[in-house]
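Atoms considered below: every heavy atom in the structure, side chains included; atoms not considered: hydrogens, waters and symmetry mates. Not measured: the values here are computed from a predicted model. Counting starts at 1 for both ligands and their atoms, in listed order.
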Amino acid sequence: MGVPSIFLRTFGCNFTCDGFGMPLGEKSQERHQIPIANYQTYDGLPLVSSGCDSYASWMPEFKHLSPMLTVDAIADRVCDLLPYGEWRDEHLVITGGEPLLGWQRAYPDLLNHPKMQGLKEITFETNGTQSLSDELKSYLHQWRKKNSNREITFSISAKLPCSGEKWEDAICPQIICEYEWFGTAYLKFVVANEQDVLDAQRAVDEYRQAGFTGHVYLMPVGGVESVYVLNNKTVALEALKHGWRYSDRLQVPLFKNAWAT
Ligand code: SF4
């Protein structure tokens with residue numbers, strides 16, 4: 001948090017997470033009620049108070065907002081956002097949707113691009129269900145060996161039952177253990193109530209049993225401020241109680257979670 005970051009948002013996800021902000025077992029309908037034809041860009045898209053708050057990055061109905069770009073064009077667009085025209089302290093966050101779907105095949109070319117040479121920190125924001133392809137593994141391995149001053153982080157937002165996704169699909173210990181071979185990895189659970197914290201504990205136990213050693217964060221549910229402020233302090237106290245870390249949602253108080261923040 002607080003690090004100047006450029007977000008590269010890939011399109012598509014293997015989940016829908018319609019359970020967030022809903023009573024257990026119920027699915028949010030909010031994303032289906034958005035008048036899609038009114039929006040030709042991400043700017044101004046409505047925020048939702050239930051379900052996935054980045055719905056437009058994977059719902060097929062919003063695909064027209066995410067153009068298919070060449071690696072050169074992506075590198076240009078990313079570097080156009082650098083405030084000094086060169087990489088300094090800026091961090092590249094590759095997010096989604098789920099950025100470790102088929103897009104994995106484009107990352108070696110993107111990260112090797114001449115314009116990306118000064119980049120020192122990369123984070124993949126993933127739901128922790130996707131194995132790394134052999135090609136990406138070999139690339140990350142070589143990349144770390146050659147560039148010891150570069151850091152790769154996997155921020156794993158594993159989905160608990162409150163997301164509406166099934167445990168067996170969402171909690172994949174062997175997969176996230178593999179991420180730790182190629183960089184720093186930590187877990188981040190979005191929670192709203194006591195049951196979610198119990199579920200987080202159960203998931204952490206499974207991950208630890210498989211050998212995962214990274215830190216664990218709790219983050220309050222709440223894509224809109226009115227929901228977020230209801231439980232952020234309680235969640236921070238729960239994190240303390242379990243010996244875990246607390247992750248705020250800085251984009252909510254600072255930018256009201258607007259798209260592109
Ligand atoms: S995994 Fe993330 S991007 Fe995908 S539906 Fe769930 S919250 Fe949204």
Side-chain angles (χ1 to χ4, degrees), residues 5 7-34 36 39 42 45-66 92-104 107 123-132 153-173 175-176 179 185-193 196 199-200 203 207 216-224 227-228 231 235 247-252 257-261:
S5 300
F7 285 80
L8 172 59
R9 195 180 279 284
T10 60
F11 188 83
C13 189
N14 54 322
F15 286 158
T16 59
C17 296
D18 286 322
F20 280 132
M22 300 296 292
L24 199 61
E26 290 184 27
K27 303 264 183 199
S28 168
Q29 294 299 315
E30 253 187 280
R31 66 185 172 91
H32 297 292
Q33 286 152 10
I34 295 166
I36 295 165
Y39 300 99
Y42 271 79
L45 274 171
L47 300 177
V48 291
S49 56
S50 58
C52 168
D53 64 357
S54 31
Y55 59 89
S57 63
W58 53 264
M59 268 179 80
E61 294 85 343
F62 289 93
K63 178 78 180 74
H64 62 292
L65 304 185
S66 296
L92 180 67
V93 181
I94 304 183
T95 186
E98 170 48 52
L100 295 178
L101 295 176
W103 300 116
Q104 287 191 35
Y107 299 146
T123 291
F124 291 100
E125 279 192 336
T126 173
N127 59 26
T129 62
Q130 302 300 308
S131 294
L132 301 179
T153 301
F154 293 88
S155 171
I156 306 157
S157 182
K159 299 298 177 256
L160 298 172
C162 61
S163 69
E165 300 300 327
K166 286 192 194 138
W167 187 276
E168 57 275 24
D169 296 335
I171 306 299
C172 307
I175 286 177
I176 73 157
Y179 299 165
Y186 60 80
L187 281 161
K188 185 182 72 181
F189 295 103
V190 176
V191 295
N193 56 37
D196 299 343
D199 289 337
Y207 289 123
V216 176
Y217 289 78
L218 291 187
M219 179 188 258
V221 78
V224 292
V227 177
Y228 157 83
N231 69 350
V235 170
S247 172
D248 208 1
R249 290 178 171 267
L250 198 55
Q251 74 277 22
V252 176
N257 206 26
W259 285 88
T261 68

Practice prompt. Apply side chain to side chain contact (heavy atoms under 4.5 Å, CB included) to L100 and Y179, showing your working.
Written response: CA-CA 11 Å; L100 295 178; Y179 299 165; 3.7 Å; yes
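Put simply, the side chain of K27 gets close to the backbone of G164: a donor and an acceptor are under 3.5 Å apart.
Residues D18 and R31 are paired through a salt bridge, judged by an N-O separation under 4.0 Å between the basic side chain and the carboxylate.
S54 has its side chain out of reach of T95: every pair of non-hydrogen atoms, C-beta onward, lies at least 4.5 Å apart. With a 4.5 Å cut-off on side-chain heavy atoms, L132 and F154 count as touching.
Between the side chains of Y42 and S57, no donor N or O sits under 3.5 Å from an acceptor N or O.
The count of protein N, O or S atoms under 2.8 Å from atom 4 (Fe) of ligand 1 stands at 1, with waters excluded from the count.
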